2 protein chains.
Amino acid sequence: MITNYEVFRSELTMSKEDVIRELYRENTDRISIKKEATAVKNLTRIIDSTLRLANSKGFHAMTLRDLCADSGMSMGGLYAYIRNKDDLIHLIQSHGFIITRRTLQHYTADLDDPRERLYAAIKAHLYLSELMRAWFYFSYMEAKSLPEPEKRDAIAIELEIESIFQTVIEDGIREKVFADKNARLVASLIKAMLQDWYLKRRKYRDQEVSVDQYALVLRDVVESYISVSI
Amino acid sequence: MITNYEVFRSELTMSKEDVIRELYRENTDRISIKKEATAVKNLTRIIDSTLRLANSKGFHAMTLRDLCADSGMSMGGLYAYIRNKDDLIHLIQSHGFIITRRTLQHYTADLDDPRERLYAAIKAHLYLSELMRAWFYFSYMEAKSLPEPEKRDAIAIELEIESIFQTVIEDGIREKVFADKNARLVASLIKAMLQDWYLKRRKYRDQEVSVDQYALVLRDVVESYISVSI
DNA sequence: GTCTATATAGGGATAGAC
DNA sequence: GTCTATCCCTATATAGAC
């Protein structure tokens, strides 16, 4: 059960290094570095720089020279971690998938009331995308140019997220907590609003809206549409 | 006053060629072709192909050789219409701006009731993005890599659209038709849902939701949140 | 394990024939 | 007004020194 963003954040950040370590172990075939400690350190720099540069000018427009300059590595050094530029995408996507899967499962399972589950799912998604904004943004923007396997995974995770919301709403309709609306369409609209949070982050910063406020408004918007009127 | 998508469509499509003609006249300095008829014909092919290719693999990843193959032009022929690759962006963006500005002004001015104006604005935006899907998609996805002047225009038009919605809602609040909610934030959420329509067009096609149905649901979602309960 | 120097190809841009 | 052939730079990728 999540309470608010700060709690969520403190629970999750410590595991960031673990994720990179897991990523390293999953990719020992492509990565020629043997010492785990240095590998984790450099992978972190590579991933951070790639996300920053790709998100500001686009992945394809980002050159590996840009990446080396930004991450402080040399071309040769970089190529110890990847075989080609597409492997960079693989690294980025994998590390995001690991975190996303883990978190969403964790935070939406154990609630009974559909209203509460709906709110919990909204918060879980918003908080996660707040913490991993760069990855979510990258994933959305580069989706169309992802290599085939990564594209499949990305679509699968999208559907998974959307069906979490659809299921909650359908449950609520069955239990007469929600009115009989088009659950799938409502789920799509929820997702659109969730995505806007990380796609247009600056806009909401300018409006001085916090994640928790946004979560509340989202919940109210959705509930006022699907709640059964008394 | 708009009734439904089919009517909107038949009113607007005839002017598509006019827009390209206007585009040509605005850019006679960069375009070395003197005969208007051939220029309009080729500009149309160039714009269509660019949108198709850029939207499927990204503008930067699209090579001018790709473009020539797709549009049936030669490199030399293409360069009679542009001085460099960025000029392509300029062509695309200009022709979209021309249509968008013209349409939004036309369809949201002359209504009194805030509820009706809200619905009209939702429909105008959805219908327009339905008709010009490729341009809207391009504009959104390439926004970050646009040349400076085009970027400024794109941001300006975004704000313009958002403030149309904000104003309608504020008017409604003042007239006690709508409850006292955060108008700017609601406008942002509306825009997020409007954008999802053209960004994730396939998803809604799979759900077999029509533009008009989507417009209705959007209106209901928004109204159920901001309407004053009786 | 990390660096610099270099090979190679691919794509933007242009010259000049027709 | 349109095409083909070509120039030249940039970016990926690799070889080999340290």
Side-chain angles (χ1 to χ4, degrees), chain A residues 20-21 24-25 27-47 49-50 53-54 56-92 142 145-147, chain B residues 20-21 24-25 27-47 49-50 53-54 56-92 142 145-147:
Chain A
I20 306 275
R21 190 167 296 115
Y24 167 68
R25 289 180 186 159
N27 290 280
T28 39
D29 51 334
R30 327 185 170 196
I31 299 174
S32 64
I33 303 298
K34 296 300 162 207
K35 270 166 65 184
E36 187 169 278
T38 57
V40 169
K41 189 194 60 169
N42 283 331
L43 277 173
T44 307
R45 292 198 296 172
I46 291 171
I47 289 175
S49 288
T50 303
L53 294 171
S56 85
K57 53 167 73 174
F59 179 75
H60 201 272
M62 173 198 79
T63 72
L64 296 183
R65 284 182 175 81
D66 291 340
L67 178 57
C68 289
D70 191 87
S71 64
M73 302 189 70
S74 63
M75 289 294 275
L78 176 63
Y79 269 88
Y81 295 86
I82 54 171
R83 299 166 304 181
N84 52 52
K85 203 181 172 188
D86 270 3
D87 270 3
L88 265 180
I89 295 184
H90 176 78
L91 287 180
I92 302 281
E142 303 296 338
S145 30
L146 256 34
Chain B
I20 306 276
R21 190 168 295 116
Y24 167 67
R25 289 182 186 157
N27 289 281
T28 40
D29 51 332
R30 325 185 173 198
I31 298 173
S32 64
I33 304 297
K34 296 299 162 208
K35 270 167 63 185
E36 187 169 277
T38 56
V40 168
K41 189 194 60 169
N42 283 331
L43 277 173
T44 307
R45 293 199 294 172
I46 292 171
I47 289 174
S49 288
T50 304
L53 295 172
S56 84
K57 52 167 73 174
F59 179 76
H60 201 272
M62 174 198 78
T63 73
L64 295 184
R65 285 178 174 81
D66 291 340
L67 178 56
C68 289
D70 191 87
S71 64
M73 303 189 69
S74 63
M75 288 293 275
L78 176 63
Y79 269 88
Y81 295 86
I82 54 171
R83 297 166 305 181
N84 53 51
K85 202 181 172 188
D86 270 4
D87 271 3
L88 268 179
I89 295 184
H90 175 78
L91 287 179
I92 302 281
E142 304 295 340
S145 30
L146 256 34

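Note on naming: letters A, B, ... go to the chains in the order of the sequence lines (proteins, then strands), and numbering restarts at 1 for each one. Since we're looking at a predicted model, the values are computed, not measured.
Atom CE in A:M73 sits about 15 Å away from atom C1' in D:dA13, given to the nearest Å. The CG-P distance, from A:D66 to D:dT10, rounds to 13 Å in whole Å. Here the C1' atom of nucleotide C:dG1 and the CG atom of A:L78 are 14 Å apart, to the nearest Å.
The shortest side-chain heavy-atom distance between A:N42 and A:I33 does not fall under the 4.5 Å cut-off. Side-chain contact check for A:H90 versus A:N27: some heavy-atom pair is nearer than 4.5 Å. B:D70 places none of its side-chain heavy atoms less than 4.5 Å from the side chain of B:M62. Two residues are said to be in side-chain contact when any heavy atoms from C-beta on lie closer than 4.5 Å; B:D86 and B:I89 meet this criterion. Using a 4.5 Å heavy-atom threshold, the side chains of A:E142 and A:H60 count as separate.
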Scoring nucleotides 12-18 of chain C by protein non-hydrogen atoms under 4.0 Å (B base, S sugar-phosphate only, - none) yields BBB----

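The stretch residues 34-44 of chain A touches DNA chain C through A:K34, A:K35, A:N42, each having a heavy atom under 4.0 angstrom from the strand.
Applying the side-chain hydrogen bond (donor to acceptor under 3.5 Å, both in side chains) rule to A:Y79 yields no partners; only residues at least two apart in sequence or on another chain are considered. The side-chain hydrogen bond (donor to acceptor under 3.5 Å, both in side chains) search around A:D87 returns A:R30, A:R83, not counting sequence neighbours. Annotation: salt bridge (Lys or Arg N to Asp or Glu O under 4.0 Å) contacts of A:K41 (sequence neighbours excluded): none.
In terms of heavy-atom proximity, A:R45 sits nearest to A:G72 at NH1-O, 4.1 Å.
From one end of the helix from C:dG1-D:dC18 to C:dC18-D:dG1 to the other, with five pairs defining each end axis, the axis direction shifts by 0° (rounded to 10°).
Rounding to the nearest 0.5 angstrom, the gap separating the NZ atom in B:K85 from the CG atom in B:L78 is 11.0 Å.
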